[in-house]
Q: 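Before anything else, here's the structure in question.
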Amino acid sequence: MKENNAPKTIRLADYKAPNFLIDTVHLDVRIYDDYTDVVSHLTLRANPDVPNAAAQPLELVGADLELLAIELDGVALPSERYEIAEETLSIEQVPAQFSLLIMTRIQPKSNTSLEGLYVSKGMYCTQCEAEGFRKITYYLDRPDVMARFTTRVEADKQAYPVLLSNGNPEEQGDLAGGRHYVIWEDPFKKPCYLFALVAGDLAVVEDSFTTMSGRPVKLQLFVEPHDLDKCDHAMDSLKRSMAWDEQVYGREYDLDIYMIVAVSHFNMGAMENKGLNIFNTSCVLANAKTTTDMGFQRVESVIAHEYFHNWSGNRVTCRDWFQLSLKEGFTVFRDQQFSADMGSETVNRIDDVNLLKTVQFAEDSGPMSHPVRPDSYIEINNFYTTTVYEKGAEVVRMIHRLLGKEGFRKGSDLYFSRHDGQAVTCDDFVKAMEEANGVDLTLFRRWYSQAGTPQLTVTSEYQPQQHQFSITFEQVTLPTPGQPHKQPLHIPVAIGLLGEDGRDLPLQLADGSTLDPANPVLELTAAKSTFVFTGIQSQPVASVLRGFSAPVKMVYEQPRAELAFLMSHDSDGFNRWNAAQRLTVAVLCDLMQAYNQAQPLEADPQLLDAFRRLLTDESLDQAMVAKMLELPTESFLAELLPKPVQVDAIHHAREGLKQALALGLRTELEQVMARCPLDTEYRYEVAAVARRSLRNTCLGYLMSIADDAATETCVQQYRQAGNMTDQLAAFRALVHSDRGEKQQVIADFYEQWQTEALVVDQWFMVQASSPQPDALEQVNGLMAHPAFEMTNPNKIRALIGGFCNNNPVNFHRADGAGYGFLADQIIALNKINPQVASRMATIMTRWANYDKDRADLIKEQLKRIKTEKLSPDVYEVVTKALNQ
Ligand code: B3K
Ligand code: ZN
């Protein structure tokens with residue numbers, strides 16, 4: 001851990017190509033009980049592209065390493081020939097081409113940062129992205145240094161029968177003392193962040209896939225023996241991902257073997273190491289009994305995401321970490337396309353946009369706001385953000401919309417063929433898209449360099465005499481840290497105009513051009529632009545930003561009647577849903593006002609009617625109905641509505657609306673539940689997922705009344721449910737109610753599921769997110785529960801994250817106890833796992849959005865954290881939070 005005195009800021013502007021390149025790496029990793037020894041044999045040469053490179057000193061990086069030996073060209077280096085500083089090993093005057101042998105000793109068993117080589121439940125595993133390889137050996141730990149790796153792993157045979165690394169197994173054998181070894185060879189050169197190693201006692205599920213050119217690939221999924229019954233869905237998702245990438249992008253897998261290992265202690269979802277993905281158990285294990293529909297969906301998309309990285313990330317990688325979105329934004333876009341093709345495109349789009357608007361928009365208006373391609377960072381791990389991932393994916397999506405499906409494919413083909421085996425930049429990606437299509441994306445590039453969410457104000461007017469409809473767009477982006485002045489962006493706005501019958505009108509512009517009926521898009525390139533549509537016989541209803549065609553905050557005042565009209569007629573499913581949301585938000589704002597004036601909370605009859613139609617019209621897509629009935633979350637509202645956030649009014653208005661709707665629509669809700677009975681057999685397929693989601697949404701409404709009859713239905717469902725989706729929905733509804741029945745149910749649920757770690761996470765999460773006023777006391781109690789582990793990120797995210805992220809009304813308690821609790825946890829985690837600590841600390845960066853009392857209380861806690869000896873991760877977040 002670095003000192004608390006200002007760790008260094010790294011800048012994109014300072015990027016320099018490496019002075020030395022590494023061609024080959026022979027690693028020999030010898031695992032012993034008390035330590036692990038790593039012998040690294042490198043062949044290096046001066047970088048021919050850097051003038052005078054050979055005259056420069058060689059500077060390798062390393063962290064928490066004990067150097068045991070070092071040799072240059074086979075000769076031991078005397079200590080005066082090299083210098084070891086805190087995180088570097090430098091050697092002056094090296095030849096233009098040479099070999100280096102470095103032997104280091106590391107302590108994986110005490111590595112709780114879960115970065116580098118560490119141990120999870122007795123299994124050795126690695127996480128090297130972004131800069132974890134330096135915790136294994138001294139190296140040029142940067143993505144533009146790509147080498148061919150051969151890895152020998154040696155360990156006790158009985159304790160660690162399975163020894164894995166990247167590539168293909170070349171040799172294995174037994175050694176004296178009950179030990180054994182395996183040698184792995186990866187034929188593709190790669191940056192060290194894609195290195196992986198696993199040693200453990202694991203069970204394996206095997207399958208195979210034949211690629212489009214007829215090559216067989218062995219697929220292996222390694223898990224703890226007790227999880228063997230949770231592998232089918234991941235394996236199936238993997239095979240579908242492989243086929244999809246061939247069909248949609250023409251990309252074929254390139255090794256003979258593809259391995260996935262499930263690990264309980266993992267900082268994020270999964271990692272795309274070449275040929276050896278390492279997964280958080282939560283993103284790979286699934287079966288009906290233990291996993292919800294949402295869990296199944298997550299497994300499918302993360303499996304796909306990591307698989308797609310084999311091309312977008314591994315074959316073509318990033319030149320430096322500022323280019324992270326090159327692989328992450330593109331790969332998220334690819335996994336979103338895949339999920340859309342596997343299930344409902346609209347429902348997936350709604351979920352993705354909700355995440356973007358709730359989390360990314362908030363990030364983009366706070367002190368951590370940064371461009372999709374950041375200009376600077378202190379700790380790169382802090383930049384695996386929704387901006388780099390989700391906004392990055394939106395940027396790629398906009399390119400896709402501007403170029404069309406075929407144009408985009410031409411661009412991606414050129415990108416992959418031109419840069420195969422290279423480490424490149426976001427600009428190289430845009431260039432390939434431009435050149436393959438003969439278009440100029442100069443202005444569009446600002447999406448990569450400019451931070452902040454543009455606000456798009458829309459006004460429109462119908463001119464009955466001229467039969468014209470004019471629509472004006474004004475874009476403004478507020479200043480963000482380091483960027484006081486913003487420029488207009490190139491914004492594609494997909495649009496439709498609905499006639500009186502609800503059908504789309506032909507779109508003819510006054511300048512004589514017609515919009516492509518298959519993809520009608522207005523391209524904004526200036527601060528203000530007006531478009532005039534002609535031949536419009538009567539006042540139309542505009543459907544703007546269809547499919548959420550750009551990541552902007554749109555402000556367009558449309559009367560509630562127009563929203564209700566769009567809700568039932570818009571041909572764009574996303575905007576049908578969005579109209580429902582906008583109508584609901586308008587009603588919620590009324591209710592917040594009523595709450596503030598201590599008036600009764602009643603549901604707007606227009607909304608009640610609209611919801612009644614949704615519940616009773618069986619011809620509608622049931623998945624969409626469920627989505628449209630879902631009220632926006634408190635966090636979504638906190639981000640959307642004017643500041644300071646009215647924590648209590650939002651909560652009570654939302655609960656009040658839920659109850660008013662439930663009372664007004666009770667019969668309809670009960671009817672829907674009757675026509676969506678509990679499944680006797682679980683299937684993860686679109687219609688069944690929709691049915692369960694609709695049923696459980698209705699159950700949630702009924703339980704907002706929580707009278708005896710509703711509670712009885714809920715308890716029945718809890719007892720009879722044959723799958724986790726239905727069981728957990730009932731469990732949550734009960735636990736979040738004030739019914740006494742919940743005590744028994746909480747105990748029963750734990751009793752039933754205590755041997756399933758991922759279900760226990762849900763058990764923590766549900767209790768932590770309860771709106772009941774004793775939630776913090778419950779959470780404090782659960783911190784001492786034997787199943788809680790401060791060293792396991794899944795447990796942290798479930799219990800601490802569940803409370804601080806998913807329970808706004810209790811986390812933001814006026815007495816500040818929620819903030820004190822979080823600060824205590826950040827201080828403790830800072831020493832154990834800086835990455836997770838820093839994630840938790842970002843919650844506190846939003847203090848400026850709250851009233852003065854709350855803001856002061858949060859700042860007080862930030863200052864308290866600041867007095868600790870902080871990791872660079874937490875230091876960066878806390879300092880930026882305090883200096884905003
Ligand atoms: N590339 C990894 C993320 C690594 C995070 C390092 N702090 C997973 C992914 O995006 O696929
Ligand atoms: Zn990724």
Side-chain angles (χ1 to χ4, degrees), residues 63 111 113-116 118 125-135 141-143 166 190-196 234 237-238 241 245 260-263 265-280 282-284 298-318 320-339 352 355 372 374 377-393 396 423 426 429 793 797 833-840 842 871-874 876-877:
N111 179 1
S113 70
L114 313 188
E115 198 187 30
Y118 65 93
C125 60
T126 52
Q127 172 55 36
C128 294
E129 187 178 1
E131 300 179 332
F133 194 71
R134 63 188 61 188
K135 291 186 163 187
D141 188 355
R142 45 187 290 171
N166 317 84
K190 64 168 177 286
C192 63
Y193 83 84
L194 290 172
F195 170 80
S237 302
L238 176 60
S241 306
D245 213 16
I260 293 177
V261 180
V263 177
H265 295 69
F266 208 64
N267 280 345
M268 62 270 172
M271 178 63 212
E272 70 265 24
N273 318 299
K274 184 77 188 187
L276 177 55
N277 287 185
I278 297 185
F279 268 63
N280 188 321
S282 71
C283 293
V284 56
R298 171 117 177 107
V299 167
E300 181 181 86
S301 75
V302 180
I303 291 272
H305 180 99
E306 307 311 333
Y307 175 71
F308 297 156
H309 266 316
N310 190 54
W311 274 96
S312 48
N314 301 4
R315 290 287 287 255
V316 182
T317 195
C318 302
D320 55 75
W321 291 120
F322 298 100
Q323 317 297 330
L324 183 57
S325 197
L326 172 77
K327 72 178 179 79
E328 295 305 347
F330 187 23
T331 304
V332 171
F333 174 68
R334 277 151 57 69
D335 86 53
Q336 290 177 349
Q337 284 182 301
F338 170 77
S339 294
D352 295 341
L355 172 71
V372 166
Y377 57 76
I378 290 180
E379 172 53 60
I380 184 57
N381 284 321
N382 286 335
F383 286 77
Y384 286 74
T385 58
T386 50
T387 299
V388 166
Y389 276 66
E390 275 74 24
K391 186 178 179 181
V396 175
C426 296
F429 179 79
R797 284 185 280 258
N833 186 329
Q835 278 185 47
V836 172
S838 150
R839 284 288 146 147
M840 292 292 147
T842 59
S871 58
D873 312 58
V874 179
E876 178 169 36
V877 173

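Atoms within a ligand are numbered from 1 in the order they appear, just like the ligands themselves. The first residue of the sequence shown is numbered 1, and numbering continues consecutively from there.
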Q: Which is the closest N/O/S atom of His305 when seen from the Zn ion (ligand 2)?
A: NE2
Q: For atom 8 (C) of ligand 1, what's the nearest protein heavy-atom neighbour? Residue, atom name and distance, please.
A: Ala270 O, 2.9 Å
Q: Cation-pi between Arg334 and Phe338: NZ/CZ under 6.0 Å from ring centre and within 45° of the ring axis?
A: no
Q: What protein heavy atom sits nearest atom 1 (N) of ligand 1, and how far away is it?
A: Glu129 OE1, 2.5 Å
Q: Suppose I only count heavy atoms of His309 and a 4.0 Å limit; which atoms of ligand 1 are within that range?
A: 9 (C), 10 (O), 11 (O)
Q: Could you check if a side-chain atom of Glu876 sits within less than 4.5 angstrom of a side-chain atom of Phe383, using non-hydrogen atoms only?
A: yes
Q: Measure the distance from atom 3 (C) of ligand 1 to every protein heavy atom, then report the residue, atom name and distance (to 0.1 Å) of the closest one.
A: Tyr389 OH, 3.5 Å
Q: Mind checking whether Ile260 and Ile303 have side chains closer than 4.5 Å, heavy atoms only?
A: yes
Q: Show which atoms of ligand 1 fall inside a sub-4.0 Å distance from at least one heavy-atom site of Lys327.
A: 1 (N)
Q: Give, rounded to 10 degrees, the angle between NE2 (His309) and OE1 (Glu328) as seen from the Zn ion (ligand 2).
A: 100°
Q: Using modelled atom types and a 3.5 Å cut-off, is there a donor and acceptor pairing between side-chain atoms of Asn111 and backbone atoms of Glu115?
A: yes
Q: Polar-atom distance check: Glu328 versus ligand 1, any N or O pair below 3.5 Å?
A: yes
Q: Parallel, tilted or perpendicular: which describes the rings of Trp321 and Tyr384, with under 30° parallel and over 60° perpendicular?
A: tilted
Q: Check ligand 1 against Met271 and write out every atom of the ligand that is under 4.0 Å from a heavy-atom position of the residue.
A: 1 (N), 2 (C)
Q: Is there at least one pair of N or O atoms, one from Gln127 and one from ligand 1, spaced under 3.5 Å apart?
A: no
Q: For Tyr377 and Phe322, I'd like to know if the aromatic rings sit close, meaning centre-to-centre distance below 6.0 Å.
A: yes
Q: Could you tell me which residues satisfy ring-ring contact (aromatic ring centres under 6.0 Å, His included) with Phe279, sequence neighbours excluded, listed by chain and number?
A: none
Q: Does Glu115 come within less than 4.0 angstrom of ligand 1, counting non-hydrogen atoms of the residue?
A: no
Q: Just jot down the side-chain contact (heavy atoms from CB on, under 4.5 Å) partners of Pro793, sequence neighbours excluded, or say none.
A: Leu114, Asn267, Arg797, Asn833, Val836
Q: Identify, by atom number and element, the atoms of ligand 1 in contact range of Glu272, meaning under 4.0 Å from any of its heavy atoms.
A: 1 (N), 2 (C), 8 (C), 9 (C), 11 (O)
Q: Could you list the atoms of ligand 1 found under 4.0 angstrom from a heavy atom of Gln835?
A: 7 (N)
Q: Is any side-chain heavy atom of Ser113 less than 4.5 Å from a side-chain heavy atom of Pro834?
A: yes
Q: Looking only at protein heavy atoms, which one is nearest to atom 7 (N) of ligand 1, and what is the separation?
A: Asn381 OD1, 2.9 Å
